Amino acid sequence: MDSTDTSFEQRLKVNAGRTEALLTRLLADTSLHDEITRPDRLLSAMRHGVLNGGKRLRPFLVMESATLLGGDAEAALRVGAALECVHCYSLVHDDLPAMDDDDLRRGQPTVHIAFDYATAILAGDSLLTYAFDIIAAPETELPADRKMALVLALSRAAGIGGMAGGQALDLAAEKEAPDEKGITTLQAMKTGALIRFACEAGAIIAGASAEDRKRLRIFGEKIGLAFQLADDLLDLTADAATMGKATGKDAARGKGTLVALHGQEWAETTLARLVKEAADLLSGYGDKAGILTETARFIANRKS
């Protein structure tokens, strides 16, 4: 491992710790202004769904894309925490028996197993709502127009035409396997949309040009596709102990993936191409883009 790798790994770990610390504070017992109270069991379930480790990759992308373009670091940290709340809500709901029916997440019992189904639903609902609270709150020190742009972009990424819609397509795929275009659309929505937002958010936070915002958005789309391809490869090749969750479930349910369609060698070649395309997009930023380029490689080559 060279010094760049070491620097990247250390930076990822440090930012994960900062995100975890902020999420811990945000999920404290003390009610905020205009909150009446925070029910203990609901709050415990939210913490269980959020404060369970993880790489915090999406917040990292928010922070690093903001850093690249000179955005405020504290605002980026808070927007990253908001995005992580959306991501964790989706995991809590996806794990439910009516969805993907998983008992294990990051090596721990899923929220509906640790608590109950109704509490898991409410925990997800609360995390999704809280995300927009975090962005809109005065503690996120950004101009109102940037906050509005962030809320709009996150809503589009998380909602009917993004992640939630992607989960609907994923459920439908259990009954009728989609073709290659359908798989690509499903994955761009379910997995890619939040990763795309994470990268684009940095440009919004920085008040960057439309060109910079578009470039970071396309970068996010490239690495979002790489993330899902790597995930499908791991589902095929990794064991549950390494992943911290059940593996092989897509194949067992008859769900189509690009890896299943084209094979492992095609997937590995495509991952290499996506990493190069992502790096080329950022080449104009010079050395400043080094960490984001390393992130693209990390996403493509991850083992868990």
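All values reported here derive from a predicted model rather than from experimental measurement. Residue numbers count from 1 along this sequence.
Summarising the geometry of Gly80 relative to Pro59, their closest heavy-atom pair is O-CG, 3.3 Å, with the distance given to 0.1 Å. The two atoms that bring Ala81 and Leu23 nearest to each other are O-CD2, 3.7 Å, heavy atoms only. What you find for Ala278 and Lys222 is that their closest heavy atoms are CB-CB, 4.3 Å. Of all heavy-atom pairs spanning Val92 and Ala120, the tightest one is CG1-O, 3.2 Å. Scanning all heavy atoms of the two residues, the minimum distance from Ile135 to Ala82 falls at CG1-CB, 3.8 Å. The nearest pair of heavy atoms linking Ala28 to Leu43 is O-CD2, 3.6 Å.
At least one side-chain heavy atom of Phe60 sits less than 4.5 Å from a side-chain heavy atom of Arg11. In this structure, the side chains of Leu42 and Met46 come closer than 4.5 Å at one or more pairs of heavy atoms. By the 4.5 Å heavy-atom criterion applied to side chains, Leu261 and Ile183 are counted as neighbours. Taking the side chain as every heavy atom from C-beta outward, Glu74 and Glu139 never approach each other to under 4.5 Å. Within the 4.5 Å cutoff, the side chain of Leu292 has no heavy atoms near those of the Thr67 side chain. Val50 has its side chain out of reach of Tyr89: every pair of non-hydrogen atoms, C-beta onward, lies at least 4.5 Å apart. Counting heavy atoms from C-beta outward, Ile291 and Ser7 have side chains that approach closer than 4.5 Å. Using a 4.5 Å heavy-atom threshold, the side chains of Thr24 and Arg47 count as separate.
One side chain, Tyr285 or Asp212, offers a donor N or O that lies under 3.5 Å from an acceptor on the other. In summary, the side chains of Thr119 and Asp116 do present a donor paired with an acceptor at a separation below 3.5 Å, with no hydrogens or angles considered. There is a side-chain donor-acceptor pair under 3.5 Å between Asp232 and Gln187.
Judged by distance alone, with hydrogens and angles left aside, the side-chain atoms of Arg58 form no donor-acceptor pair with the main-chain N or O of Cys199 at under 3.5 Å. Side chain of His48 to main chain of Pro109: a donor-acceptor pair is present (N/O by atom type, distance under 3.5 Å, no hydrogens or angles). Side-chain atoms of Arg38 do not come within 3.5 Å of backbone N or O of Glu35 as any donor-acceptor pair. His93 places a side-chain N or O within donor-acceptor distance of the main-chain N or O of Ile121, the cut-off being under 3.5 Å. The closest donor-acceptor contact from the side chain of Asp100 to the backbone of Asp102 lies at 3.5 Å or more, if one exists at all.
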Item to complete: In sequence, state the C-alpha distance, the side-chain angles, and the governing distance for Asp94 and Lys190, and then conclude on side-chain contact (heavy atoms from CB on, under 4.5 Å).
Response: CA-CA 11 Å; Asp94 284 3; Lys190 182 176 179 180; 3.7 Å; yes
Practice prompt. Could you check Glu200 against Arg213 for salt bridge (Lys or Arg N to Asp or Glu O under 4.0 Å), going step by step and ending with a plain yes or no?
Written response: CA-CA 6 Å; Glu200 188 175 3; Arg213 180 171 170 178; 2.6 Å; yes
Fill in: Test side-chain contact (heavy atoms from CB on, under 4.5 Å) applied to Thr270 and Leu258, step by step
CA-CA 10 Å; Thr270 303; Leu258 295 177; over 6 Å; no
Practice prompt. May I have the step-by-step check of side-chain contact (heavy atoms from CB on, under 4.5 Å) for Val275 and Phe298, ending in yes or no?
Written response: CA-CA 9 Å; Val275 169; Phe298 170 80; over 6 Å; no
Worksheet item: Is there a side-chain contact (heavy atoms from CB on, under 4.5 Å) between Thr19 and Met63 once you walk through the steps?
Response: CA-CA 10 Å; Thr19 300; Met63 288 185 270; 3.4 Å; yes
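In this structure, CG on Leu96 lies 6.0 Å from NE2 on His112, to the nearest 0.5 angstrom. The structure places OG1 of Thr269 at 12.0 Å from NE2 of His262, a figure rounded to the nearest 0.5 Å. The distance from atom CG of Leu194 to atom CE of Met189, rounded to the nearest 0.5 Å, is 11.5 Å. Of the inter-residue distances, the one linking Ser65 atom OG with Leu282 atom CG reads 10.0 Å to the nearest 0.5 angstrom. Taken to the nearest 0.5 Å, the CD atom of Gln228 stands 12.0 Å off from the CD1 atom of Ile299. Residue Leu12 holds its CG atom at 7.0 Å from CG of Leu57, rounded to the nearest 0.5 Å.
There is no path of hydrophobic side-chain contacts, each under 4.5 Å, that joins Leu91 to Val111. Leu61 and Leu22 sit in two unconnected hydrophobic clusters of ILVMFWY residues. Membership requires side-chain heavy atoms under 4.5 Å apart, directly or through other members. Both Ile134 and Val62 belong to a single network of hydrophobic side chains, linked directly or stepwise wherever heavy atoms of I, L, V, M, F, W or Y lie under 4.5 Å apart. Using a 4.5 Å cut-off between side-chain heavy atoms of Ile, Leu, Val, Met, Phe, Trp and Tyr, with links allowed through other members, Met163 and Ile195 fall into different hydrophobic clusters. Linking Ile, Leu, Val, Met, Phe, Trp and Tyr whenever their side-chain heavy atoms come within less than 4.5 Å leaves Met148 and Val79 in two separate clusters.
Note on Glu20 versus Arg56: salt bridge recorded, some NZ/NE/NH1/NH2 to OD/OE distance being below 4.0 Å. For Glu211 and Lys214, the salt-bridge test fails: no basic side-chain N is under 4.0 Å from an acidic carboxylate O. Between Glu9 and Lys13, no side-chain nitrogen of the basic residue sits less than 4.0 Å from a carboxylate oxygen of the acidic one, so the salt-bridge criterion is not met.
Judged by a 6.0 Å distance limit and a 45° cone about the ring axis, Arg217 is not positioned over the six-membered ring of Phe197.
Listed by first and then second residue, the side chain to side chain donor-acceptor pair (under 3.5 Å) pairs that reach into residues 140-150 are Arg78-Thr140, sequence neighbours excluded.
By the neighbour-count criterion of 12 heavy atoms within 6.0 Å, atom CG of Leu152 is densely surrounded, having more than that number from other residues, nucleotides or ligands. Remark: Asp287 CG is loosely packed, at most 12 non-hydrogen atoms of other residues, nucleotides or ligands lying under 6.0 Å away.
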